[in-house]
Amino acid sequence: MRIATWNINSIRARAERALGVLDRWDLDVLLLQETKCKPEQFPAEPFEAAGYQVAAAGLNQWNGVAIISRIGLDNVEIGFPGQPGFAKEDGAGALLSEPVVEARAIRARVGTGSRGIDVWSLYIPNGRSYNDPHFRYKLEFLRRLRAAVGEQLAADPARRILLAGDWNVAPEDTDVWDIDFFRNDVGMYVTDEERAVFNAFGKPGTGTEGDFAGPALTELTRGADGADYTFWDYQRLRFPKNHGMRIDFGWASPELADLFAAAHIDRDERKGKGASDHVPVIMEFDAEA
DNA sequence: ATGCCAACGGAACGTTGA
């Protein structure tokens, strides 16, 4: 079985490329981020014609996540318990609007096997800059996500869960093309705070004093072949110079991690006219759909 | 070679992303 995650940067602009990715990798499930449309605007027909089902979430032209599956698509849920919203603030930190829970998480049960897999397509907020409210929003989003998944796994440790998407975190210094540039000039994706909340997914919870519960998850894509990065900015020849970032990952619960076989980064998808700035990351499992 | 930012809404250009 093959599941891929991809920040497609508009499904309407790249539906043909998505169909090509499904075919090229013989995918059972494709988790999309930055679909940039409402569900009623999602071009579902060509995917349905190819034998897939589609579930999409989107409030407007920003964000947007979706799940495309040919092995079943049930129990769709948009968002997660405790998912924080974002509220505009004035310069003093006073809220100028009610928080909006953005379209950054969608979950579904896929697979007709014995237990199925709960797959999540996740688009973690970009923190923008260290002193921007979006940075605190990003950290809180990750903390709350870890808690929500921990609670589910504590209740059912055998559950097969995959959390995949665009995490907007570079966990290792080698996950960016120039760590000094990112530390000193970009100031985002590589901070200790971001790495701590990202790495918390790989640690068990204690379930005490407000800490989350449940077992550690396993990140599946670290040893992927195909490329060192999953994103190359459109500007300044970043792709031809291989000045990229690795920020797309997949965390698996213990029972799913046991089935993991291999991961691939589809670097070729970054080539040519009309490419997304991210490429698909494919995860293979030793399991029948 | 892989090539100098792109998509959105809305109809010019501001917002957003990373």
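Naming: A, B, ... by sequence-line order, numbering from 1 per chain.
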So, OP1 or OP2 of [N]: does either fall under 4.0 Å of a side-chain N or O from [X]?
X       : N       : result
N9(A)   : dC8(B)  : no
R12(A)  : dG9(B)  : yes
Y189(A) : dG17(B) : no
N126(A) : dA18(B) : yes
R238(A) : dC4(B)  : no
S10(A)  : dC8(B)  : yes

Looking only at side-chain atoms of [X], point me to the closest of [options].
X       : options                  : answer
D233(A) : dA18(B), dC5(B), dT16(B) : dA18(B)
Y234(A) : dA6(B), dA7(B), dA18(B)  : dA6(B)
P240(A) : dA18(B), dA7(B), dT2(B)  : dT2(B)
R14(A)  : dC4(B), dC8(B), dA6(B)   : dA6(B)
Y123(A) : dA7(B), dC4(B), dG17(B)  : dG17(B)

For the residue pair [X] and [Y], categorise the inter-ring angle as parallel (less than 30°), tilted (30 to 60°) or perpendicular (more than 60°).
X       : Y       : value
Y229(A) : W232(A) : perpendicular
Y137(A) : F86(A)  : tilted
H243(A) : W177(A) : parallel

Atom-to-atom span, [atom1] of [X] to [atom2] of [N] - whole angstrom:
X       : N       : atom1 : atom2 : answer
N7(A)   : dG17(B) : CG    : P     : 11 Å
D268(A) : dT2(B)  : CG    : P     : 9 Å
K38(A)  : dC8(B)  : NZ    : C1'   : 12 Å
D277(A) : dC4(B)  : CG    : C1'   : 15 Å
F181(A) : dA18(B) : CZ    : C1'   : 10 Å
Y137(A) : dT16(B) : OH    : P     : 13 Å
K36(A)  : dT15(B) : NZ    : C1'   : 10 Å
W62(A)  : dG14(B) : CH2   : P     : 13 Å

Using a heavy-atom cut-off of 4.0 Å across all strands, would you classify [X] as base, sugar-phosphate, or nothing?
X       : answer
N60(A)  : nothing
H278(A) : sugar-phosphate
N63(A)  : nothing
R270(A) : nothing
G274(A) : nothing
D248(A) : nothing
F231(A) : sugar-phosphate
M188(A) : nothing

Can you check the distance between [N] and [M], where both ends of the measurement are the [atom1] atom (answer in whole Å)?
N       : M       : atom1 : result
dA7(B)  : dA18(B) : P     : 14 Å
dA12(B) : dC8(B)  : C1'   : 14 Å
dG10(B) : dT16(B) : P     : 15 Å

Legend entry - 5'-most by nearest nucleotide on DNA chain B - Q61(A) or N242(A):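 Between the two, 5'-proximity favours N242(A).
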Inset, instruction - Using the closest heavy atom to pick a nucleotide of DNA chain B for each, name whichever of E34(A) or A13(A) lands nearer the 5' end. - result: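 Of the two residues, A13(A) wins.
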Legend entry - Pair E102(A)-Y123(A), side-chain donor/acceptor within less than 3.5 Å: no
Legend entry - Salt-bridge present (D277(A), R238(A); N to O < 4.0 Å):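 No, this pair does not count.
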Inset, instruction - Could you tell me whether R70(A) and D26(A) make a salt bridge, using a distance below 4.0 angstrom between a side-chain N and a carboxylate O? - result: yes
Inset, instruction - Taking the six-membered ring for Trp and the full ring for Phe, Tyr or His, determine whether the centres of F80(A) and F141(A) are under 6.0 Å apart. - result: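 When the ring centroids of F80(A) and F141(A) are compared, they turn out to be within the sub-6.0 Å range.
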